Amino acid sequence: MKFAMLQTPSGPMPAVATSSGYVSVADIAEQAPPSLEALIRDQDRWLPALREVADGAAAPDTSPPFLAPMTERSVIAIGLNYHDHCREFGTPPPEAPIVFVKLPSSIIGPSDDITWDPEVTSDVDWEAELGVVIGRPARNVSVDDAGEAIFGYTAVNDVTARDIQRREAQWVRAKSLETFCPIGPVVVTRDELDPRRGIGIRSWVNGTQMQDSSTSELIFGVNELIAYLSRSFTLQPGDVIATGTPLGVGAFRTPPVFLRDGDVVEVELEGIGRLRNTCRVVGKEQA
């Protein structure tokens, strides 16, 4: 199944893909959950009825304007987690996952503007990533059992201020400037995708392809990441794990390429869809 958050006359509402398009959950069931996170937390109640209307549904030919599907919790992100990115970075693969977070205030929708103040950063980069949406609490789970904690998958652009990242030992500020985490356009349930078999992951800037890889290049797989993280803290429904980016980011090109005002950056995950965000440089009074 595919889920999205849509702007409706009644406000933002979760929706499910059917053969006729995306349908608000409120049009299917009474007392519908107000967010996709709420639906995920109570999935045993909602999924059976929604599966009936979604079974056999073809992906809609046209997509409505989507909102960010997940907004309530932080994004737990992983650095240097693709073999091809490590080769690009000029470093051996890490022995353990490199973990940081992107704050909820950085999350935007799949067509919202990415903005930044030039007095804060001037070296803004893109990172196409597979996002794993947690569906059930996970604490001290094994690799073999980790899949049961997954609700589904989405696309993430881990936008990064490279100049801040170079200056600071911790990556949180460089990764968490407001608007630096486009997510969406939809969440696809785990029964429809398997990162172990390879999900295509690509990005473009102004129509020029920058990244073209596959999740088969992951160093630490999805189940390994869930097991590793769950040994330190409980993963909660609605958490998103951004699993790292492959070869092709701007900072390691010769010469480096950074995003500028008016640029359009696109991130696509096979089977999930495409983020398409326009970049805007703003002043302090507008930020």
Side-chain angles (χ1 to χ4, degrees), residues 1-73 75-76 109-110 130-156 183-197 199 222-223 225-227 230 234-241 243 269-273:
M1 288 189 289
K2 295 180 174 66
F3 289 92
M5 283 295 294
L6 303 182
Q7 184 67 51
T8 74
S10 301
M13 288 295 297
V16 62
T18 72
S19 58
S20 59
Y22 283 88
V23 176
S24 170
V25 175
D27 294 335
I28 300 170
E30 296 182 357
Q31 299 179 329
S35 67
L36 191 48
E37 284 97 342
L39 185 152
I40 291 171
R41 287 193 296 268
D42 203 10
Q43 60 180 284
D44 291 337
R45 173 186 178 188
W46 295 109
L47 290 190
L50 297 175
R51 190 171 285 113
E52 289 184 9
V53 301
D55 272 351
D61 292 331
T62 59
S63 299
F66 295 117
L67 304 175
M70 317 301 296
T71 61
E72 296 178 2
R73 299 185 58 83
V75 175
I76 305 157
L130 173 71
V132 181
V133 179
I134 298 299
R136 300 187 186 278
R139 179 75 168 120
N140 287 321
V141 300
S142 68
V143 172
D144 289 341
D145 294 335
E148 296 302 313
I150 300 170
F151 180 81
Y153 302 99
T154 191
V156 176
I183 294 180
V186 301
V187 175
V188 180
T189 52
R190 64 186 172 99
D191 57 302
E192 293 196 12
L193 291 175
D194 186 354
R196 294 170 296 185
R197 296 181 179 178
I199 296 173
V222 169
N223 285 26
L225 292 174
I226 291 172
S230 76
T234 302
L235 294 166
Q236 297 287 355
D239 282 340
V240 177
I241 302 173
T243 55
L269 271 291
E270 182 182 7
I272 296 172

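Only this structure's heavy atoms are used, side chains among them; waters, hydrogens and symmetry mates stay out. Worth saying up front: this structure is predicted, and the values here are computed from it rather than measured.
- Nearest heavy atoms, Q236 versus D239: N-OD2, 2.7 Å.
- Scanning both residues, A149 and A138, for their nearest heavy atoms gives CB-CB, 3.8 Å.
- Atom CG of L67 and atom OG of S35 lie 12.0 Å apart (nearest 0.5 Å).
- The structure places OH of Y153 at 10.0 Å from CD1 of I241, a figure rounded to the nearest 0.5 Å.
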What verdict does the side-chain contact (heavy atoms from CB on, under 4.5 Å) test give for L6 and M13, after you've listed the backbone C-alpha separation in whole Å, the side-chain angles of each residue and the deciding distance to 0.1 Å?
CA-CA 5 Å; L6 303 182; M13 288 295 297; 5.8 Å; no

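- Using a distance-only test at 3.5 Å, with no hydrogens or angles considered, a donor-acceptor pair links the side chain of N223 to the main chain of V143.
- With hydrogens and angles left out, the side-chain atoms of D191 and T189 include a donor and acceptor closer than 3.5 Å.
- Heavy atoms only, all atoms of each residue included: G184 and P69 are closest at CA-CD, 3.7 Å.
- Considering CG of L130 and CG of L269, their distance stands at 5.5 Å, rounded to 0.5 Å.
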Determine, stepwise, if the pair S142 / D145 fulfils side-chain hydrogen bond (donor to acceptor under 3.5 Å, both in side chains).
CA-CA 5 Å; S142 68; D145 294 335; 3.2 Å; yes

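- In this structure, V133 and L36 have side chains that are not in contact, with every pair of non-hydrogen atoms separated by 4.5 Å or more.
- Counting heavy atoms from C-beta on, the side chains of M70 and V156 never come closer than 4.5 Å.
- The structure places CD1 of I134 at 14.5 Å from CZ of R41, a figure rounded to the nearest 0.5 Å.
- Note that the OG1 atom of T243 and the CG atom of L225 stand 7.0 Å from one another [nearest 0.5 Å].
- Of all heavy-atom pairs between P48 and D44, the closest is CD-O, 3.5 Å.
- A donor atom on one side chain and an acceptor atom on the other are found under 3.5 Å apart for T18 and S20.
- Using a 4.5 Å cut-off on side-chain heavy atoms (C-beta onward), M5 and E37 make no contact.
- Residues satisfying the side chain to side chain contact (heavy atoms under 4.5 Å, CB included) test with P33, not counting sequence neighbours, are P14, V25, A38, L39, W46.
- Across all non-hydrogen atoms, the minimal contact from L193 to I272 is CD1-CG1, 3.6 Å.
- No more than 12 heavy atoms of other residues, nucleotides or ligands lie within 6.0 Å of CZ in R196, so this atom counts as exposed by the packing criterion.
- With rounding to the nearest 0.5 Å, the separation of CZ in F3 from CG in L50 is 5.0 Å.
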Worked check of side-chain contact (heavy atoms from CB on, under 4.5 Å) between V222 and I150
CA-CA 9 Å; V222 169; I150 300 170; 3.6 Å; yes

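- Using a distance-only test at 3.5 Å, with no hydrogens or angles considered, a donor-acceptor pair links the side chain of R139 to the main chain of S230.
- Residues E148 and R190 approach most closely at OE1-NH2, 3.4 Å, considering heavy atoms.
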